[in-house]
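Below: one structure, written as structure tokens.
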Amino acid sequence: MKIAQGYYYDGKNSHRITAELHEELGMLSVQADSVTLQGACALEDVQISSRVGNIPRHLAFPHNASFECNDNDAIDQLLKQSSNSAHAGLAHRLESGKRYIFIAIVVVITSVWGGVIWGIPTLAYKIAFALPDSASQHIDQGVLELLDKQLFAPSELPAATQQRVLDAFIPVSQKYANNIDIEILFRKGGKVGPNAMALPSGTVIFTDELVELAKQDEELVAVLAHEIGHVVKKHGLRQGIQSSALTVLIVTITGDISSVSSLITAIPLILTELGYSREFEREADRFAIQVMQELGVPLHKFPDILGRMEKIGQCGDKEKREALECEQELSEAGMSSYLSTHPPTDERRKQFSVEP
Amino acid sequence: MAHANTETEIAIDIPSKQTPLDLEKAESGKTLPFAFNGSGNEYFKIWIVNILLTIITLGIYSAWAKVRNRQYFYGNTQLDGSSFAYLAKPLTILKGRLIAFVLFAIFVAVQNLMPLVSVGLTLLLMVAFPWLVVRSLAFNANNSAYRNVRFGFDGKYGEAFMAILVWPLLGTLTFGLLMPTAFQRQQKFFTENSRYGSSKFSFKATGRDYFNAFIKLIGIVIVGVILVVAVSVMAPEIAPILTPIVMVPLYLYAILYLNITLMNMAYNNSLLAEHGFKCSYEWKSYALLLITNSLFTALTLGIYIPWAKVRSAQYLADHLEFIAEDDLSGFAAAEQEKVSALGQEIGDVFDMEFGM
């Protein structure tokens, strides 16, 4: 019985013969003008390519001969008789049902959205806190070496100033002495300007510029509380895990042909990572509020120094900082909040204005 | 890492071919157009079901998804009534993918925990890169077939090292002057190591041909850069405004120029035995394709990706022809060899793309 019309190739060369596929009692054969090109062969021994859209099917016979055919329905019909086809064509059945497609769209959009907003951060949190602390112990040394090489210079603060600040920090660091090993370092920031940063296992770096910018030591205590928040909440590790997971997600969506434009995938990636970064800052802020309340440090100390840091960050050098144009630049800053690693200072100020 | 962009991955397996310079010969051949029969609506369903099943199976299905994606684009690409076929087994890809994933996890861990060691690892990865490219091209070619005859790729590490690392490095060190030669060396490496069955591809463009094709781009880039540098030295106030006005269109122009010229040069200078190719990417239509694809993909947050891929494949097929000197029956199959998917999957996981 003739099943379908198609092309026969013997597998030895590219010669093409227009031929017919025949089926008789579960045996397949290929014939052209009553000449048998492929002798009867059990259906089970023929490898039939799966149905993808409407692309032609290839039937691979033993000994390399093959039959190419456009009649997808005839082949599907044939496959129904085959015993080893119970799950064959599942993907195609999903792809051709309107209802399945609708469900797929809903599930994919929900899981991508939910994964980005909730799934990835939760996963990273669980992993970060499941890992033993020793995993991150050696990180700081390496990172510090790199920072010293590329960004920082040795501190030029007088020893007395350093000691005074360290003394002011004692109540905070003692609070956490049992859990983490907090080590305070001073460095000349240079290009970095007034800033502080925490390394994953408890090293906190203050730049000379930040110490000079502070009007009171309590402001620096507030900054330290924020930085310790990053350490305690394991933000460094979580950020690493989140960005790896995000990359995997994006590769899943774009598939393996990424020639459409790599810029197009880079933009959402960067925006999402910035969103994660702002969320970490908010968490560290909440942590700082708690610490400051426990120590009796007035909450406004943090936004006080933050405001001054922002002015310098936005307006550059000291002369410009005083000028009027700087104020204007600051008021326009709201627009760029999606492009920032930190939440807008106004928002943070509000958070710190909730006195107990 | 080096990126050589091509439109769709199908291009990898139909290595470049070109109309012989020898006009008499070109006219004696029969021009056979490539045809692409896929549609965006149809591929969207396959794409969304792929993502759905990949999410549900926590990534395991991604190997099957990759095969279905490729099968769709290969199977819908036809030449002279016969279609191309992608024959890779999902399990082979899954195995490679799992090993690659473990290696990647180790790499990320080292990068985060031991920043200094990771510099050494990055170097190691660079040395391994040509090997990965060769294995990836070999795997792809071996699993691509037309008329039941498989393609093949026989590149060696040494040549790959020169073509993929050394020449682009020389191109960069000479500020782009040797870049055209680097492109020519790469294309020659890819094309001349490719075969269809046991028939070799050959490549006849010289470094000089490539230099002539790129001289306009080099000139325009040099003028643009000089303009920007001159302005930022002489009138620093307007530099922040002028730089993007000059650089953004220049960047777009360069990308279009590169893609168009590389595609046309690659195919138009390649021969398969005595048969040729003719590739005619055009400025207006190609720019329109690229810009609309990027724009719609961004505006729909990625939902447009399936249509963008189909349009790109359609464009390639519409602008590529095969110049056949006979009825294409005479290509003999080669001895089959087994290539593991490991190289290709490591390359994928580390995001090292290399078309053509």
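Given the structure is predicted, the values throughout are model-derived calculations rather than measurements. We name chains A, B, ... by the order of the sequence lines, and we start the count at 1 in each one.
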key: A:Ser66 versus chain B, the contacting section by heavy-atom distance below 4.5 Å   = both
key: Shortest non-hydrogen contact from A:His58 toward B:Phe84   = NE2-O, 4.4 Å
ask   = Is the closest side-chain donor-acceptor distance between B:Trp64 and B:Asn50 under 3.5 Å?
value = no
inquiry  = If I measure from the heavy atoms of chain A, does B:Ala332 come under 4.5 Å with its side chain, its backbone, both, or neither?
reply    = both
remark   = So CZ of A:Arg57 and CD1 of A:Ile48: to nearest 0.5 Å the spacing works out to 7.5 Å
task = Under 4.5 Å heavy-atom distance to chain A, tell me which part of B:Asn41 shows up: side chain, backbone, both or neither.
result = neither
ask   = So among A:Val30, A:Leu21, A:Leu28, which one has a side-chain contact (heavy atoms from CB on, under 4.5 Å) with A:Gln38?
value = A:Val30
request  = Check the side chains of A:Glu68 and A:Tyr9 for a donor-acceptor pair under 3.5 angstrom, ignoring hydrogens and angles.
outcome  = yes
inquiry  = For a quick check under 3.5 Å, do A:Gln5 and A:Asp71 share a side-chain donor-acceptor pair by atom type?
reply    = no
task = Examine whether an atom of A:Ala65 lies under 4.5 Å from a heavy atom of chain B, and if so say whether it belongs to the side chain, the backbone or both; otherwise answer neither.
result = backbone
ask   = Picking from B:Gly38, B:Ser82, B:Gly197, which has the most non-hydrogen pairs under 4.5 angstrom with chain A?
value = B:Ser82
Contact origin within B:Leu328 toward chain A - heavy atom pairs under 4.5 Å = backbone
ask   = At a heavy-atom separation under 4.5 Å, does B:Ser198 approach chain A through its side chain, its backbone, both, or neither?
value = neither
query = Using a cut-off of under 4.5 Å for heavy-atom pairs, which of A:Val112, A:Ile101, A:Asp10 has the most such pairs with chain B?
reply = A:Ile101
inquiry  = Is B:Ile46 in contact with chain A via its backbone, its side chain, both, or neither, using a 4.5 Å heavy-atom distance?
reply    = both
remark   = Among B:Lys45, B:Gln71, B:Arg68, B:Gln78, the residue with the most heavy-atom pairs under 4.5 Å to chain A is B:Arg68
inquiry  = Let's test your reading of the structure: which of B:Ala145, B:Pro306, B:Gly81 forms the most heavy-atom pairs below 4.5 Å with chain A?
reply    = B:Gly81
task = Check whether B:Thr54 gets within reach of chain A through its side chain, its backbone, both or neither, counting any heavy atom under 4.5 Å.
result = side chain
request  = Determine whether the side chains of B:Tyr286 and B:Asn259 contain a donor N or O and an acceptor N or O closer than 3.5 Å.
outcome  = yes
task = Give a yes-or-no answer on whether the side chains of B:Asn148 and A:Tyr7 include a donor-acceptor pair shorter than 3.5 Å.
result = no
query = Relative to chain A, which segment of B:Glu42 carries a heavy atom at a distance below 4.5 Å: side chain, backbone, both, or neither?
reply = side chain
key: Pair B:Arg311, B:Thr292: side-chain N/O donor-acceptor within cut-off below 3.5 Å   = yes
ask   = Between B:Ser144 and B:Arg150, do the side chains contain an N or O donor and an N or O acceptor separated by less than 3.5 Å?
value = no
query = Between B:Asn76 and chain A, which part of the residue has a heavy atom less than 4.5 Å away: side chain, backbone, both or neither?
reply = both
request  = Against chain B, label A:Gln47 side chain, backbone, both or neither, depending on which of its atoms sit under 4.5 Å from a heavy atom there.
outcome  = side chain
